[in-house]
There are 2 protein chains.
Amino acid sequence: MPTDANHRRFKDALYEQFARVGKAVSAPKRLELLDLLCQGPRTVEALAEEAALSVANASQHLQVLRAARLVEAEKKGLYVEYRIGDERVCRFFHTLRGLAEGRIAEVEQVTRAYMTERGAMEPVGGGELLRRVRDGEVTVLDVRPAEEYRAGHIPGALSVPVTELKKRVAELPKNREIVAYCRGPYCVMAIEAVKVLRKRGFRAHRMEEGVVDWRARGWRVAQGEEAAS
Amino acid sequence: MPTDANHRRFKDALYEQFARVGKAVSAPKRLELLDLLCQGPRTVEALAEEAALSVANASQHLQVLRAARLVEAEKKGLYVEYRIGDERVCRFFHTLRGLAEGRIAEVEQVTRAYMTERGAMEPVGGGELLRRVRDGEVTVLDVRPAEEYRAGHIPGALSVPVTELKKRVAELPKNREIVAYCRGPYCVMAIEAVKVLRKRGFRAHRMEEGVVDWRARGWRVAQGEEAAS
DNA sequence: CAAGTACTCAACCATATACTTGAATATCCC
DNA sequence: GGGATATTCAAGTATATGGTTGAGTACTTG
């Protein structure tokens, strides 16, 4: 029997399976959806809205992601809730993103251009800031939408979506340093929040890391509403 | 100014850059090339041969990988040597493969079918075996082609390509346990080697892990010829 | 059961992609 | 310089893919 031909067939079959994952992350919009889903489960409509897609198109992309087993869908009454398949999927996405950041110069160019135009401050972050956040030395603000906070947040963080920040600024302690975070390094919500806070005299900083990075470090992630104050 | 539209443009540009990496790993053959390159640098011809591609086609795939900055090319006289861009690229490939293994059932089906047909033995491996290999408690055999051994091998391993094994079996110590490794879990060279060795009365085992896994653990990888005995 | 909502399906179009074939380029060796 | 070799380029083809539009399905609510 032609064992060489068999070997070729096996390899082809194997890499074809691996490529299912590759194909799933080969479209920009699917990466955006995946990124969003790493922040928490969502309905098709919500995803379409946030990624600037038609609902039908979003649905199709989600089915591709589902076929590659990267995301899962669950029918909840009238809605279909999509969620990330498991923790490793987010890790994988982050690995891909990190690789692109490290090796594709255009990534930095594109972000730098946008961030400076937006007047983004130094993207404070890194180990020291993370440690202070973890040890509770600062007031931590989660400025993402409330559902994302509920799906998972840094323990001790207050949920103040950036859209409500101006209204609720009185709730914040004036004398303590504030660290705001959102979805990650490319998310502008925390940048916006810091701008607002500084204008009002707070000592505020932005943390680049998001919940996924937090979890990746093996630190605990809290779920649900914030504890009563 | 329409800052919302700008934001959309930024996101689109950003995810498009990330997708360059995704697109690069969306074709089975490119994944195979990447896998081979993780074992060591090679010429276009050698890659085409091993991946069962025409030279022109291999060249085109390699250019796609290069455009995504995953591999690098260097002209060496008449040949062009392709190599992995950096360590992280191999890690990324391994992450992708691991994700596919963990989440796509077909991967296991396909391998199980082929492995049992080939009469593969239990895929011994895991922490304990790795430890014994690292601590030099067994004779370690690198059964890949000699160039791959030269590009990087487990310290202390002997280079005995599976193609030469039968001729050179006399060089091996009869009383010590032997552990053979090759490119990784889907590579059949070590399986073949173990089969040959056991038939000749050696106590031989296969290790699933390859050099990339070894390096990923932060252990030292040796390069060049083996030390004179 | 009728109306409304959230999602999926089917058909369609434009473009992108994998692969082939044959020619062009670059380098080495004589 | 001329011939041989390794790689890339260019053109062509069949198929796959991302996106649109409009109809279909499944569930909820009145």
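Each chain gets a letter, A, B and so on, in the order the sequences are listed, and its residues count up from 1.
- Of all the heavy atoms in B:Ala13 and A:Val110, the pair that sits closest is CB-CG1, 3.9 Å.
- Taken residue by residue, residues 55-64 of chain B places heavy atoms nearer than 4.0 Å to DNA chain C at B:Ala56, B:Asn57, B:Gln60, B:His61.
- Residues satisfying the salt bridge (charged side-chain N to carboxylate O under 4.0 Å, His left out) criterion with B:Glu108, sequence neighbours excluded, are B:Arg112.
- With sequence neighbours excluded, no residue satisfies salt bridge (charged side-chain N to carboxylate O under 4.0 Å, His left out) with B:Arg30.
- When DNA chain C is scanned 5' to 3' for any atom under 4.0 Å from a heavy atom of chain A, the first and last hits are C:dT5 to C:dA10.
- In this structure, a donor-acceptor pair under 3.5 Å is absent between the side chains of B:Tyr186 and B:Glu208.
- With contacts defined as side-chain heavy-atom distances shorter than 4.5 Å, the pair B:His153/B:Val221 does not qualify.
- Remark on the helix from C:dC1-D:dG30 to C:dC30-D:dG1: inter-end axis angle 30°, axes from five-pair C1' superpositions, rounded to 10°.
- Ring geometry, B:His7 versus B:Phe10: the interplanar angle falls under 30°, so the pair is classed parallel (tilted spans 30 to 60°).
- Non-hydrogen atoms lying under 4.0 Å from DNA chain C are contributed by B:Lys75, B:Gly77, B:Leu78, all within residues 65-84 of chain B.
- Considering only heavy atoms from C-beta on, A:Val44 stays 4.5 Å or farther from A:Tyr79 through its side chain.
- Residues from residues 37-54 of chain A with heavy atoms under 4.0 angstrom of DNA chain D, sorted by number: A:Ser54.
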Full working for side chain to side chain contact (heavy atoms under 4.5 Å, CB included) between A:Arg103 and B:Phe92: CA-CA 12 Å; A:Arg103 298 204 51 85; B:Phe92 172 65; over 6 Å; no

Listing time: all N or O pairs from protein to nucleotides 14-16 of chain D that are below 3.5 Å?
none

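- Within the 4.5 Å cutoff, the side chain of B:Leu53 has no heavy atoms near those of the B:Glu32 side chain.
- Partners of B:Ala113 under the side chain to side chain contact (heavy atoms under 4.5 Å, CB included) rule, at least two apart in sequence or in another chain, do not exist in this structure.
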Could you pull out every donor-acceptor pair under 3.5 Å between side chains of residues 156-164 of chain A and any protein atom, sequence neighbours left out?
{"residue": "A:Glu164", "atom": "OE1", "partner": "A:Arg168", "partner atom": "NH1", "Å": "3.0"}

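- No donor-acceptor contact under 3.5 angstrom links the side chains of A:Tyr114 and B:Asn6, judged on distance only.
- B:Gln39 and B:Arg144 share a side-chain donor-acceptor pair at under 3.5 Å.
- Between A:Arg30 and D:dG18 there is a side-chain polar atom (N or O) within less than 4.0 angstrom of OP1 or OP2.
- Taking A:Arg91 as the reference, A:Glu87 meet the salt bridge (charged side-chain N to carboxylate O under 4.0 Å, His left out) condition, with sequence neighbours excluded.
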Salt bridge (charged side-chain N to carboxylate O under 4.0 Å, His left out) between A:Asp35 and A:Arg183, intermediate numbers included: CA-CA 9 Å; A:Asp35 198 1; A:Arg183 290 170 181 164; over 6 Å; no

Can you list the steps and then say if B:Glu72 with B:Arg83 is a salt bridge (charged side-chain N to carboxylate O under 4.0 Å, His left out)? CA-CA 5 Å; B:Glu72 288 165 5; B:Arg83 54 176 67 249; 5.8 Å; no

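- Pairs engaging residues 11-20 of chain A under the salt bridge (Lys or Arg N to Asp or Glu O under 4.0 Å) rule: A:Arg8-A:Asp12, A:Asp12-B:Lys29, A:Arg20-B:Glu106 [sequence neighbours left out].
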